[in-house]
Protein chains: 2
Amino acid sequence: MEFKEAKTKYIQTWGALGSQWGINKTMAQIHALLMISTEILSIEEIMDELQISRGNASMNIRSLIDWGIVFKESKTGERKEFFSAEKDLDKLAVTIARERSKREIKPALRILKEVSSIKTNSSNVEKQFIEQTEKLYAFVLKADNVLDKVTQYKENWLSKLIIKLVK
Amino acid sequence: MEFKEAKTKYIQTWGALGSQWGINKTMAQIHALLMISTEILSIEEIMDELQISRGNASMNIRSLIDWGIVFKESKTGERKEFFSAEKDLDKLAVTIARERSKREIKPALRILKEVSSIKTNSSNVEKQFIEQTEKLYAFVLKADNVLDKVTQYKENWLSKLIIKLVK
DNA sequence: TTAAACTTTCAGAAATTATTGAAACTTTAT
DNA sequence: ATAAAGTTTCAATAATTTCTGAAAGTTTAA
């Protein structure tokens, strides 16, 4: 396999993986592209590499910036914007995890709390509902907290975790 | 809020969360429904509760069984099939994690390995590609292994992990 | 100012994903 | 063997998500 083919395969794979985890494929591909780039890239370069429209590129770059994993850059003497990506994978994973927690997990937790707090007639059906949603709330909260704890130090958290595990 | 409303809200929320993580909404809802059920349910009961067609119910139940988080049950004297869900959340999370690893992470890892193994002319661009995809491969592999390690004991792995973390 | 360079927005189109429902298939009981 | 009961499949349709491209908006330079 030569470089060009490997690069395409890598970008496709990363896009597909993103897709499977509920992330826009193009968004994942833009990030993949920026991760292996030696230089900061302009929107035209991104459009050209991935064969996508300006609108699509613009919106997805903006999303990546909102997520905190792509950064706006500038070149002296150039008017247009350039972009770079977080390349430190420990930091990248933490940022994504925190963001997903904030956007998706915590709102779901609030609702689990809410629905598990109904006061019940004491039918089995209602008791079981409360019991199971309470368990679900407690479990998800615990998992969310563990993730937070584990990633407290953005630098090298994964290696640090492994060390804790083997002890 | 009374029971009926809470139940609907819970099922909607679980479906939406599933959706955001790349899981079919109906599939997540069926699982949610089975998790709070005191009894095993027939396909008709599931169709009725979620207002979905037989085909949809059948296909998604089958998927849940393939995932290993819903089980086929039978009632003596009844010909049709009934279904129940894994209710132990530690076990549930492990099963989902292992399955996603097998289906999504490991295939991606194989490709990362492959693309990072190209032999290069020594241009910066190609060196950077190899370096970054190697890092990505190593990181994802490590994370995948940690997950495996942490969930080695299906029972109470989350609590056990927390204990390790505070030590 | 003005206008050129660049970026964002968003309505419509395209692509993808999910759902339906009925036919085909399978299993069980007689 | 036959039929009734139940399940699966899948082509057609619906719903949702993504993408395009051009108009509108913004910024910078002269």
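Chain letters run A, B, ... following the sequence lines, proteins first and then strands; every chain starts at 1. Only this structure's heavy atoms are used, side chains among them; waters, hydrogens and symmetry mates stay out.
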Q: Strictly below 4.0 Å: does A:Thr26 bring a side-chain N or O up to OP1 or OP2 of D:dC19?
A: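 Answer yes for this pair, as a side-chain N or O of A:Thr26 is under 4.0 Å from OP1 or OP2.
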Q: From CE of B:Met59 over to P of C:dA24, roughly how many Å is that when rounded to an integer?
A: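 After rounding, the gap between these two atoms is 18 Å.
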Q: What's the closest nucleotide to the side chain of B:Ser53 if the choices are D:dT20, D:dG6, C:dT19?
A: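 Within the option list, the nearest is C:dT19.
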Q: Establish whether A:Val94 and A:Phe71 are linked, either directly or via other cluster members, by ILVMFWY side-chain heavy-atom contacts under 4.5 Å.
A: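 Shared cluster, no.
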Q: Roughly how many Å is it from CD in A:Glu81 to P in D:dT26, rounded to a whole number?
A: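 Value for this atom pair: 14 Å.
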Q: How close or far is atom P of C:dC6 from atom CZ of A:Arg62, stated in whole angstroms?
A: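 Value for this atom pair: 15 Å.
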Q: Under 4.0 Å from OP1 or OP2 of C:dT19: is there any side-chain N or O of B:Asn24 that close?
A: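 Checking B:Asn24 against C:dT19: at least one side-chain N or O falls below 4.0 Å of OP1 or OP2.
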Q: Return yes if the base of D:dT27 and the side-chain atoms of A:Arg79 contain a donor-acceptor N/O pair under 3.5 Å, otherwise no.
A: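 Present.
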Q: Go nucleotide by nucleotide along DNA chain D from the 5' end; which of A:Arg54 and A:Gly22 gets its closest nucleotide reached first?
A: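 First, find each residue's nearest nucleotide; the 5'-ward one identifies A:Gly22.
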Q: Check whether any side-chain nitrogen or oxygen of B:Ser58 sits under 4.0 Å from OP1 or OP2 of D:dT7, and answer yes or no.
A: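 So the side-chain polar atoms of B:Ser58 never come under 4.0 Å of the phosphate oxygens OP1 or OP2 of D:dT7.
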Q: If two hydrophobic side chains count as joined below 4.5 Å and joins carry through other members, does A:Leu89 share a cluster with A:Ile36?
A: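 Cluster IDs for A:Leu89 and A:Ile36 match.
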Q: Among C:dT7, D:dG6, C:dT20, which nucleotide has an atom closest to any side-chain atom of A:Lys80?
A: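 The nucleotide sitting nearest to the side chain is C:dT7.
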Q: What integer distance in Å separates A:Phe82:CZ from C:dT7:C1'?
A: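 So the CZ-C1' distance, A:Phe82 to C:dT7, works out to 14 Å.
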Q: Do A:Arg98 and A:Asp148 have side-chain heavy atoms sitting under 4.5 Å apart?
A: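 In contact.
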Q: Whole Å only: how far is the CD atom of A:Gln20 from the C1' atom of C:dT17?
A: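 Computing the A:Gln20:CD to C:dT17:C1' distance gives 14 Å.
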Q: Tell me whether A:Tyr10 is reachable from A:Met1 by hopping between hydrophobic residues (I, L, V, M, F, W, Y) whose side-chain heavy atoms are closer than 4.5 Å.
A: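 Yes; tracing contacts between hydrophobic side chains, which count when under 4.5 Å, links both residues.
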Q: Atom CG of B:Asn56 and atom P of D:dT13: how far apart are they, to the nearest Å?
A: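 These atoms are roughly 18 Å apart.
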Q: Starting at CE of B:Met27 and ending at C1' of C:dT19, how long is that distance when rounded to a whole Å?
A: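 Spelled out: CE on B:Met27 to C1' on C:dT19 is 16 Å.
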Q: Between D:dT28 atom P and A:Glu78 atom CD, what is the distance in whole Å?
A: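 Whole-Å distance recorded here is 14 Å.
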Q: Is there a donor-acceptor pair closer than 3.5 Å between any side-chain N or O of B:Lys154 and the backbone N or O of B:Lys91?
A: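 It does not hold such a pair.
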Q: Both A:Ile43 and A:Lys25 contact DNA chain C. Which one's nearest nucleotide lies toward the 5' end?
A: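 Nearest nucleotide further toward 5': that of A:Ile43.
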